[in-house]
J.: 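Before I ask anything, let me first share the structure, which is written out below as structure tokens.
In what follows, every heavy atom counts, from backbone to side chain, and hydrogens, waters and symmetry copies are set aside.
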Amino acid sequence: MGETRTIQIGRKTVGDGHPTYIIGEIGINHNGSIEDAARLIEVAAMAGCDAVKFQKRTPDLCVPDAQKGIERDTPWGRMTYLDYRRRVEFGAGEYRQIDALCRAKGIAWFASCWDIPSVDFIDAFDVPCHKVASATITNLPLLRRVAASGKPVILSTGMSSMDQIRAAVDCFDASRLIITHSTSTDPCKASELNLRMITTLRQEFGCLVGYSGHEVGLPTTCAAVVLGACVIERHITLDRTMWGSDQAASLEPLGLMRLARDIRVIEDALGDGVKRVYESELPIIQRLRTS
């Protein structure tokens, strides 16, 4: 467990001794608009994120039968929950545009897939890794299909017991696995973030550990970096007042830029733990030391 661990995600090395891998989670905050998705990609790239993440579902498989016909109000009028899920889902054409834009901006992209056909779909774009959403951590056939891709995997652990996490981890090769601590409440209050789980997960599994935050604000996410999170993921949005369940706990463009800036400052400040006398201290020694 004391060994140095790293994982390669695309062009970036993630893990011990390397910069925090920052993910802007677009999810479905684009509300089915490829134009809004493109703007969010540009914001993430400008802020210095390493990647953006989407969510990919096959609505007919992912929406429970009991929910499919329930009607709800949406920005596009009243429709069934199944029709709403279809409305916000991107297809091959949109993902080709996403892939091209991310390549042009020099930022990676991938997705959390909620069903096996979605893994097959996303794999066709040769993404650098896969993400397992907290909601699917108990879907072991899905996890085994993700593992079969041979790509690095980021496993989110919200709303899960330790036994459920252990069963999920057993599906993967630990050398290609990053576990992210998460509490799935949106937005999550500080008293339920339980950031010390970052240490617990590292001690339990010996894997790289990150943090997927659902809180409002920046300080607690920065604290996760201090505790050793090698991956940071936060939802991002163009405007927190936009329609959608994830918008309120998301970071707007300025907040994302501040978070990325603060994480880099923290990394610089943490140092290497080796005590030294800095050159900048020498004149102060001359002036203040008494013996």
J.: Are the side chains of Ile26 and Lys53 in contact, using a 4.5 Å heavy-atom criterion?
T.: no

J.: According to a 4.5 Å side-chain heavy-atom criterion applied to Ile, Leu, Val, Met, Phe, Trp and Tyr, with indirect links allowed, do Leu238 and Val216 form part of one hydrophobic cluster?
T.: no

J.: Quick test of your reading: applying salt bridge (Lys or Arg N to Asp or Glu O under 4.0 Å), list the pairs with at least one residue in residues 273-291, sequence neighbours left out, ordered by first then second residue.
T.: Asp272-Arg276

J.: Carefully, step by step, assess Val277 and Ile285 under the rule side chain to side chain contact (heavy atoms under 4.5 Å, CB included).
T.: CA-CA 10 Å; Val277 177; Ile285 291 173; 3.9 Å; yes

J.: Looking at Glu215 and Arg234, what are the two nearest heavy atoms and their distance?
T.: O-NH2, 2.6 Å

J.: Please tell me if the side chains of Leu201 and Tyr211 come closer than 4.5 Å, counting only heavy atoms from C-beta onward.
T.: no

J.: Is there a path from Leu259 to Leu270 through hydrophobic residues (I, L, V, M, F, W, Y) whose side chains come within less than 4.5 Å of each other?
T.: yes

J.: For the OG atom of Ser112 and the NZ atom of Lys56, what is their distance to the nearest 0.5 Å?
T.: 11.5 Å

J.: Walk me through it: do Asp60 and Arg86 pass the test salt bridge (Lys or Arg N to Asp or Glu O under 4.0 Å)?
T.: CA-CA 9 Å; Asp60 292 86; Arg86 289 170 174 161; 2.8 Å; yes

J.: Check whether any side-chain N or O of Glu267 sits under 3.5 Å from a backbone N or O of Thr20 as a donor-acceptor pair, and report yes or no.
T.: yes

J.: Check Asp186 with Arg240, please: is the shortest side-chain N to carboxylate O separation under 4.0 Å?
T.: no

J.: Between atom CG of Leu101 and atom CZ of Arg39, what is the distance when rounded to the nearest 0.5 Å?
T.: 13.0 Å

J.: Distance-only, no hydrogens or angles: does the Glu94 side chain make a donor-acceptor pair with backbone N or O of Gly91 under 3.5 Å?
T.: yes

J.: Nearest 0.5 Å please: distance from the CD atom of Gln8 over to the NZ atom of Lys151.
T.: 13.5 Å

J.: If you group Ile, Leu, Val, Met, Phe, Trp and Tyr whenever their side-chain heavy atoms sit less than 4.5 Å apart, what else falls in with Met257?
T.: Met46

J.: Any heavy-atom pair between the side chains of Thr6 and His18 that's under 4.5 Å?
T.: yes

J.: Quick check: closest heavy atoms across Asn31 and Met242, and the distance to 0.1 Å?
T.: ND2-CE, 4.1 Å

J.: Quick one: pull up CZ in Arg96 and CD1 in Ile98 and give me the separation to the nearest 0.5 Å.
T.: 11.5 Å

J.: Could you tell me which residues satisfy salt bridge (charged side-chain N to carboxylate O under 4.0 Å, His left out) with Asp239, sequence neighbours excluded, listed by chain and number?
T.: none

J.: Is there a chain of hydrophobic side chains (I, L, V, M, F, W, Y, each step under 4.5 Å between heavy atoms) that links Met162 to Val169?
T.: yes

J.: Counting distance only, does the side-chain N/O of Thr74 pair as donor-acceptor with the main-chain N or O of Trp76 below 3.5 Å?
T.: yes

J.: How far does CG of Leu227 sit from CE of Met197, to the nearest 0.5 angstrom?
T.: 12.0 Å

J.: Is there a path from Ile28 to Ile41 through hydrophobic residues (I, L, V, M, F, W, Y) whose side chains come within less than 4.5 Å of each other?
T.: no

J.: Start with the C-alpha distance between Asp50 and Arg264, add both sets of side-chain angles, then the distance that settles salt bridge (Lys or Arg N to Asp or Glu O under 4.0 Å), and finish with yes or no.
T.: CA-CA 12 Å; Asp50 299 288; Arg264 300 308 178 211; 3.5 Å; yes

J.: Using only atom types and a distance under 3.5 Å, with no angle test, would you say the side chain of Gln247 pairs donor to acceptor with the backbone of Gly244?
T.: no

J.: Check the side chains of Asp115 and Thr58 for a donor-acceptor pair under 3.5 angstrom, ignoring hydrogens and angles.
T.: yes

J.: For side chain to side chain donor-acceptor pair (under 3.5 Å), just list the numbers for Ser161 and Asp163, CA-CA rounded to whole Å, side-chain angles, deciding distance to a tenth of an Å, and then say yes or no.
T.: CA-CA 5 Å; Ser161 68; Asp163 283 343; 5.4 Å; no

J.: With side chains defined as the heavy atoms from C-beta onward, is the minimum distance between Glu204 and Arg166 less than 4.5 Å?
T.: yes

J.: Between Arg144 and Cys171, which heavy-atom pair has the shortest distance, and what is it?
T.: CG-SG, 4.2 Å

J.: Main chain of Ser156, side chain of Ser212: is a donor-acceptor contact present, judged purely on distance under 3.5 Å?
T.: no

J.: Please step through side chain to side chain contact (heavy atoms under 4.5 Å, CB included) for the pair Cys113 and Val146, ending with a clear verdict.
T.: CA-CA 9 Å; Cys113 298; Val146 171; 5.6 Å; no

J.: Under the 3.5 angstrom rule, does the side chain of Arg85 hit a backbone N or O of Arg57 as a donor-acceptor pair?
T.: no

J.: With distance as the sole test, does Thr136 use its side chain to make a donor-acceptor pair with the main-chain N or O of Val132 at under 3.5 Å?
T.: no

J.: Do Trp114 and Asn139 come close enough that some side-chain heavy atom pair is under 4.5 Å?
T.: no

J.: Testing the basics here: between Ala249 and His214, what is the closest heavy-atom pair and its distance to 0.1 Å?
T.: CB-O, 3.4 Å

J.: Would you please classify the geometry between the Tyr95 ring and the Phe125 ring as parallel, tilted or perpendicular, with 30° and 60° separating the classes?
T.: tilted

J.: Less than 6.0 angstrom separating the ring centers of Trp243 and Tyr84, yes or no?
T.: yes

J.: Between His181 and Thr199 (side chain of the first, backbone of the second, donor and acceptor by atom type, cut-off under 3.5 Å), is there such a pair?
T.: no

J.: State whether the side chain of Ser160 and the backbone N or O of Gly158 hold a donor-acceptor pair below 3.5 Å, judged by distance alone.
T.: yes

J.: Distance from Thr180 atom OG1 to Ile154 atom CD1, nearest 0.5 Å?
T.: 7.0 Å

J.: What is the ring orientation for Trp109 with Phe54, classed by angle as parallel under 30°, tilted 30 to 60°, or perpendicular over 60°?
T.: perpendicular

J.: Within the distance-only criterion (no hydrogens, no angle test), does the side chain of Glu25 pair as donor or acceptor with the backbone N or O of Gly27 below 3.5 angstrom?
T.: yes

J.: Out of curiosity, does Phe205 fall in the hydrophobic cluster containing Leu208 (side-chain heavy atoms, cut-off under 4.5 Å, transitive links)?
T.: yes

